[in-house]
Amino acid sequence: MQLKDIRSLSKEELVADFLELGEKKFRAEQVYKWVASGCEDFSEMTNISKELREKLSAIYFIPTVKIVKKLVSKLDETVKYLYELYDGERIESVLMKYNHGYTVCISTQVGCRMGCSFCASGIEGLFRNLYPSEMLAQVMKAGTDNGIRVSNIVLMGMGEPLDNFDNVKKFLELVSDPDGLGIGYRHISLSTSGVVPGIYKLGELNLPITLSISLHAPFDDIRSDMMKVNRRWNISELINACKDYQKITGRRISFEYAMIKGKNDTDACAQRLAEILKGVMCHVNLIPVNPVKENDYVKSDQKAIRQFAEKLNGLGINTTVRRTLGGDIDASCGQLRRKYENKGGERYEDLQ
Ligand code: SAH
Ligand code: SF4
């Protein structure tokens, strides 16, 4: 019999399972607390009888992440993990320390099928979606391995969260549950390359999470060249979806913009960006592009980035240049896994 992933179950689902198994509701609640707070093995559940623990381990398993590689930045306290999943697949997570606490950047898929030209995560395509439990396990492991409480989560690691919508939705419910890690929605950011139907679906949930859009270019021709997703849903459709999300949730939207020399860092780009973001309550994050060896993109000069930011701020668009953390440890997601894996997965074009 195939074992069931216990960590992907909500408390209500576990209670229903237990009642069906002839067990008491309060036992399910006890087990849920263990699983939701980072317990990795049934044998650790000290207030549960040995008999029940054995019964449970014949039905369920607790997915965990095993540390394969851990890199600690000498520049700041950023820690990057390469984890192995139960089936041998590998993913990345990053733990970052900010003044307000610890943030974990988690992966939502093994690889990614969106194939953005500047990103290491998409180069090999998509291998599989992560389960809610595997997203939770990344947060738990970062906490236990460093003896800290994680206060914020960003879904900005490998993978496109809105291409794994149902599992991400379940993860958001589980991670914010006060009986579990209790990380509130306001402390969670979800980043998308612009899967427009997913943005509408997320808006319908009306959760106070921060939506982050990887925009990277204000003209369709440049953006379509960098991001295949733009060939499916263009900038105007994307901005309309953002406006809808904002209308429902009232949340400010973040726009990510990786500055690439001679590609998207011109004065005309800044001007156009301000025009398309007019009327959206937003914040723009400029990030010098992180060069990956599979493309020849070069970071914009400091001066060009500063001028771009000044122009946007002058046009009324709140803009900051993002501080890069862990610059010495390949902290940009997808880069570490690439060093250890080299194979081919599913691609976006294959699914059109
Ligand atoms: N798939 C989602 C979330 C994961 S990518 C998305 O694309 O938004 C996380 C962020 O890293 C995105 O903003 C992405 O555009 C950015 N990114 C990827 N590769 C990069 C690189 N080489 N340099 C700078 N930013 C990069
Ligand atoms: Fe996927 Fe995001 Fe990378 Fe694009 S930037 S390939 S959507 S992980």
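These numbers come from a predicted model, not from an experiment. Hydrogens, waters and symmetry mates are skipped; everything else that's a heavy atom, side chains included, is used. Whatever order the structure lists ligands and atoms in, that order sets their numbers, starting from 1.
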For G159, is the nearest heavy atom under 4.0 Å from an atom of ligand 1?
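A heavy atom of G159 does come that close to ligand 1.
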Heavy-atom contact check, 4.0 Å cutoff: does H216 meet ligand 1?
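Contact present.
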Heavy atoms only: which of N290, L162, L155 is nearest to atom 22 (N) of ligand 1?
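Nearest heavy atom to atom 22 (N) of ligand 1 lies in N290.
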Among S214, A120, P291, which residue places a heavy atom closest to atom 7 (O) of ligand 1?
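Nearest heavy atom to atom 7 (O) of ligand 1 lies in S214.
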Before accepting this row, confirm whether a basic side-chain N of the pair [X]/[Y] lies closer than 4.0 Å to the acidic partner's carboxylate O.
| X | Y | value |
| --- | --- | --- |
| E124 | R113 | no |
| K11 | D177 | no |
| D220 | R231 | no |

Proximal atoms of ligand 1 relative to G157 (non-hydrogen, under 4.0 Å):
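Ligand 1 atoms under the 4.0 Å threshold to G157: 4 (C), 5 (S).
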Of all the atoms in ligand 1, which lie at a distance below 4.0 Å from a heavy atom belonging to C119?
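In order of numbering, the contacting atoms are 18 (C), 19 (N).
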For the residue pair V31 and I6, establish whether any side-chain heavy-atom pair is separated by less than 4.5 Å.
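A side-chain contact under 4.5 Å exists here.
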With heavy-atom distances below 4.5 Å as the criterion, would you say the side chains of C116 and M226 are in contact?
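Result no, sub-4.5 Å side-chain heavy-atom pair not found.
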Can you check the number of protein N/O/S atoms within less than 2.8 Å of atom 1 (Fe) of ligand 2?
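With waters ignored, the protein N/O/S count below 2.8 Å is 1.
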No-hydrogen, no-angle side-chain donor-acceptor test under 3.5 Å, S214 and E256
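No, because no side-chain N or O of S214 sits under 3.5 Å from a partner of the opposite role on E256.
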Where on T192 is there a heavy atom closer than 4.0 Å to ligand 1, on the side chain, on the backbone, on both, or on neither?
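Backbone only.
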My understanding is that only residues two or more places apart in sequence, or in another chain, count here; which of them pass salt bridge (charged side-chain N to carboxylate O under 4.0 Å, His left out) with K33?
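Once residues adjacent in sequence are excluded, K33 has no partner under the salt bridge (charged side-chain N to carboxylate O under 4.0 Å, His left out) criterion.
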Quick check: does I287 get an N/O under 3.5 Å from an N/O on ligand 1?
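No, since none of the N or O atoms of I287 sits under 3.5 Å from an N or O of ligand 1.
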Hey, is the main chain of [Y] close enough, under 3.5 Å, to the side chain of [X] for a donor-acceptor pair?
| X | Y | result |
| --- | --- | --- |
| Q138 | S93 | no |
| Q307 | A304 | no |
| T320 | N285 | no |

